[in-house]
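Indexing begins at 1, ligand by ligand and atom by atom, following the structure's order. Keep in mind that the numbers below use all heavy atoms, side chains included, and drop hydrogens, waters and symmetry copies. Numbering of residues begins at 1 and proceeds along the displayed sequence.
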Amino acid sequence: MSNPVQPLKEIFLKSVEAVQPQRLIRNQVKVTDRHLVVKGDAYELRKPCYLVGFGKAVLGMATEIEAVLRDDLQRGVVVVPSGIFENYRKPCSSKLQYMEGGENNLPDLNAQEGAAVIKELVEKLTEEDLLIVLISGGGSALLPLPVPPIKLEEKLDVVKAMARRGASIRELNCLRKQISLLKGGGLAEVAYPCRTISLVLSDIVGDPLDFIASAPTVPNRDPPGSAIQVLKKYCLYEAIPDSLRRVLEDGSQVSRNMELVVNEEYRHVRNYIIGSNYLNLKLVFIRCVVAGNNTIAAEAAKEEAINRGFQSVIVSTEIDGDVNRISKIYARMACNLAAVITDPGRRDKARVFLEGAASELRAGKRFVAEVLDMDYSRPLCLIFAGEPTVVVSGSGKGGRNQQLALAFSVEVNNLGIKSADISFLSCGTDGMDGPTDAAGAVGTSDLVGKALAENINPVGYLSNNDSYGFYEKYNGGRNLIRIGHTGTNVMDIHVMIITPKTQ
Ligand SMILES: Nc1ncnc2c1ncn2[C@@H]1O[C@H](COP(=O)(O)OP(=O)(O)O)[C@@H](O)[C@H]1O
Ligand SMILES: O=C(O)[C@H](O)COP(=O)(O)O
């Protein structure tokens with residue numbers, strides 16, 4: 001197989017480029033006639049406004065907002081991921097204070113300090129002020145202020161344990177909203193009665209405003225016992241420290257929230273998703289270059305694949321669930337399509353499998369018709385986007401993308417596909433997969449054979465959740481995708497290339 005990494009990496013990089021947040025701000029936020037205009041809604045600029053931000057994509061959002069507001073910006077605090085300034089120059093700003101925190105996407109003392117500075121700024125604001133809140137995925141780790149008497153380490157331990165057991169981002173954030181002072185509407189409450197406008201870049205399937213970055217400016221409408229239920233689901237409730245149990249059982253965070261909603265004390269807040277699914281589809285339709293969430297990332301990947309001579313299809317932008325399950329479906333999909341490409345007479349058999357897979361991957365049946373109607377004169381490139389989960393039971397180092405790329409390689413090998421070469425990339429658009437310095441990795445149909453020839457046993461690494469350990473060794477580390485922080489975050493991109501073998 002010729003070098004599979006380069007084309008996959010370049011297709012992925014195009015998808016990341018398409019979702020840089022500066023463009024979203026530039027196109028959706030303007031200042032005209034003493035008003036701040038957001039997606040057509042105008043807010044009077046009675047005096048220079050304030051800005052706070054937290055998340056993996058807010059650096060670009062903040063620099064752009066500062067450029068838009070100029071003298072209409074008074075002061076701001078932005079908490080960004082530790083290490084982001086290795087890839088991006090720290091902006092020189094006399095008005096915005098940039099703070100780094102959240103090493104490895106986990107809350108830490110630096111992030112807590114950032115959250116405290118944000119709280120201090122926001123609580124002084126009055127009805128006459130205007131506050132802009134920039135929010136993106138990764139914001140949960142960058143705005144930690146545990147409800148007393150919970151300590152940061154206690155909160156961290158529980159969140160880590162839930163993540164290792166495969167909890168989804170909605171489940172994690174359901175808990176975070178109930179144990180954090182600024183989450184689940186907490187920041188909006190501190191800002192009250194200041195007019196507050198949140199600009200949110202979504203990193204969760206379906207763009208749920210009440211879960212992204214644990215919803216600091218959206219009232220928490222989760223049922224009072226929901227966080228306890230989630231902890232019980234992962235058999236963690238018995239093990240949590242007393243401080244957490246007290247806060248969760250007391251439930252005052254939730255009931256205070258309800259009270260404020262009833263009293264209409266959220267009327268000072270407006271939340272805007274920038275680059276929502278609906279908006280993106282509309283923009284693609286009118287062929288506008290504004291980019292948004294993972295639909296736009298997937299579209300850009302597809303376009304690049306076509307430019308590189310592939311036939312390309314977006315299968316789904318809503319991939320979620322367990323990585324093992326996804327890797328099995330993807331491998332069987334590769335197997336079925338490899339069969340069709342080399343023998344079009346196999347279409348009917350493949351159709352049955354693909355229709356089932358389409359519904360499991362929330363792909364919609366148009367994908368099946370599209371992929372089976374191709375003439376296969378060129379290699380096939382399938383694009384997927386979303387965010388699966390991993391149940392971490394081993395002691396190794398890795399992330400869901402590297403785990404998926406490795407699991408896929410093992411599954412494809414088990415299926416013994418002879419007629420085509422298969423290569424597969426799985427990467428986080430934020431550039432950081434789990435607690436590693438890689439965005440993800442590339443798997444191939446010949447990876448298992450080659451690894452065994454190098455005396456590396458992929459299955460052992462896989463079952464120990466040591467996908468990073470595997471990829472560091474395998475092929476001299478060349479299948480790892482290391483690009484550093486990308487300044488954006490719209491979930492993961494998966495790219496699969498199926499190339500018929502020449503007889
Ligand atoms: N050794 C490992 N192997 C595979 N996945 C892991 C490993 N360690 C952590 N993870 C997974 O990585 C996820 C966190 O990765 P991260 O890139 O920080 O996610 P996000 O950016 O979506 O918060 C967790 O859901 C966890 O299940
Ligand atoms: O990108 C991330 O770090 C995760 O998707 C979690 O982000 P959030 O909880 O801050 O939305």
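The minimum heavy-atom distance between Pro223 and Ser226, with the atom names listed, is O-OG, 2.6 Å. Contact record, Arg245 with Ala239: NH2-N, 4.5 Å, taken as the closest heavy-atom pair.
The single protein non-hydrogen atom nearest to atom 5 (O) of ligand 2 is Asp203 OD2, 2.5 Å, given as residue, atom name and distance. For atom 10 (N) of ligand 1, the closest non-hydrogen atom on the protein side is Val392 CG2, 3.9 Å. The nearest protein atom to atom 21 (O) of ligand 1, hydrogens excluded, is given as Lys56 NZ, 2.7 Å; this is a heavy-atom distance. In this structure, the protein non-hydrogen atom closest to atom 11 (O) of ligand 2 is Ala213 N, 2.7 Å. Of all protein heavy atoms, the one closest to atom 24 (C) of ligand 1 is Ala163 CB, 4.1 Å.
Note that CZ of Phe384 and CG of Leu404 are 9.5 Å apart. Values are rounded to the nearest 0.5 Å.
Counting heavy atoms under 4.0 Å from ligand 2, residue Lys56 touches it through the side chain alone. Counting heavy atoms under 4.0 Å from ligand 1, residue Gln402 does not touch it at all. Residue-level proximity to ligand 2 for Leu172 is absent, since no heavy atom of it falls below 4.0 angstrom.
Note on ligand 1: Thr389 sits outside its first shell, no heavy atom being nearer than 4.0 Å. Distances from ligand 1 to the non-hydrogen atoms of Met491 include no value under 4.0 Å. A heavy-atom separation below 4.0 Å is not found between Ser467 and ligand 1. Using 4.0 Å as the threshold, Arg176 has a heavy atom nearer than that to some atom of ligand 2. Heavy-atom separations between Gly428 and ligand 1 are all 4.0 Å or longer.
Side-chain contact check for Lys233 versus Glu171: some heavy-atom pair is nearer than 4.5 Å. A 4.5 Å side-chain heavy-atom check between Tyr50 and Leu121 finds at least one atom pair inside the cut-off. The shortest distance between side-chain heavy atoms of Leu125 and Tyr192 does not fall below 4.5 Å. A 4.5 Å side-chain heavy-atom check between Leu152 and Pro107 finds at least one atom pair inside the cut-off. With a 4.5 Å cut-off on side-chain heavy atoms, Leu143 and Ser180 do not count as touching. Side-chain contact between Lys160 and Met162: absent, with no pair of heavy atoms (C-beta onward) separated by less than 4.5 Å. Ile197 places none of its side-chain heavy atoms less than 4.5 Å from the side chain of Leu131.
Atom numbering of ligand 2 starts at 1 in the shown order; those under 4.0 Å from a heavy atom of Asn489 are 1 (O), 2 (C). For ligand 2 and Gly139, the ligand atoms under 4.0 Å from any heavy atom of the residue are 10 (O). Residue Asn105 approaches ligand 1 through these ligand atoms, each under 4.0 Å from one of its heavy atoms: 16 (P), 18 (O), 19 (O), 20 (P), 21 (O), 23 (O). For ligand 1, the atoms lying closer than 4.0 Å to a non-hydrogen atom of Asp433 are 17 (O). Near Asn105, with a cut-off below 4.0 Å to any heavy atom, the atoms of ligand 2 are 2 (C), 3 (O). Distances below 4.0 Å separate heavy atoms of Ser140 from the following atoms of ligand 2: 8 (P), 9 (O), 10 (O). Remark: ligand 1 atoms within the under-4.0 Å shell around heavy atoms of Asp430 are 21 (O). Within ligand 1, counting atoms from 1 as listed, the ones closer than 4.0 Å to a heavy atom of Gly396 are 1 (N). Of all atoms in ligand 1, listed by their number and element, those nearer than 4.0 Å to a heavy atom of Glu387 are 22 (O). Taking a cut-off of under 4.0 Å to the non-hydrogen atoms of Gly138, the atoms of ligand 2 that pass are 1 (O), 2 (C), 3 (O), 6 (C), 7 (O), 8 (P), 10 (O), 11 (O). Near Gln403, meaning under 4.0 Å from any of its heavy atoms, are these atoms of ligand 1: 3 (N), 4 (C). The atoms of ligand 1 that sit less than 4.0 Å from any heavy atom of Lys397 are 1 (N). Atoms of ligand 2 lying under 4.0 Å from any heavy atom of Gly137, numbered from 1 in the order shown and given with element: 1 (O), 7 (O), 10 (O), 11 (O). The distance from ligand 1 to the heavy atoms of Met432 drops below 4.0 Å at these ligand atoms: 17 (O).
At under 3.5 Å, not a single nitrogen or oxygen of Asp430, backbone or side chain, sits near a nitrogen or oxygen of ligand 2. Ligand 2 has no N or O atom lying under 3.5 Å from any N or O atom of Ser136, backbone or side chain. Between Pro435 and ligand 1, not a single N/O pair is under 3.5 Å apart. In terms of polar-atom proximity, defined here as any N/O pair under 3.5 Å, Ile169 makes no such contact with ligand 2.
A salt bridge links Arg325 with Glu360: the closest approach of a Lys/Arg side-chain nitrogen to an acidic carboxylate oxygen falls below 4.0 angstrom. Taking 4.0 Å as the cut-off between side-chain N and carboxylate O, Glu454 and Lys450 do not count as a salt-bridged pair.
Of the listed residues (Ser140, Gly138, Gly398, Gly434), the one carrying the non-hydrogen atom nearest atom 8 (N) of ligand 1 is Gly398. The nearest non-hydrogen atom to atom 11 (C) of ligand 1, considering only Arg164, Arg400, Arg165, comes from Arg400.
Checked against Arg400 for a side chain to side chain donor-acceptor pair (under 3.5 Å), the options Asp433, Thr389, Asp492, Asp322 give a single hit: Asp492.
A 6.0 Å sphere centred on CD of Glu249 holds more than 12 heavy atoms belonging to other residues, nucleotides or ligands.
Relative ring orientation between Tyr471 and Tyr474 is described as perpendicular, the plane-to-plane angle rising above 60° on a 0-90° scale split at 30° and 60°. Ring-plane geometry between Phe424 and His494 is classed as tilted, the angle between the planes lying from 30 to 60 degrees on a 0 to 90 degree scale.
Residues Tyr88 and His485 place their aromatic rings such that the two centres sit no closer than 6.0 Å. Side-chain rings of Tyr468 and Tyr461 stay apart, their centers remaining 6.0 Å or farther from each other.
The side-chain tip of Lys177 points at the ring of Phe211 from less than 6.0 angstrom away and within 45° of straight on.
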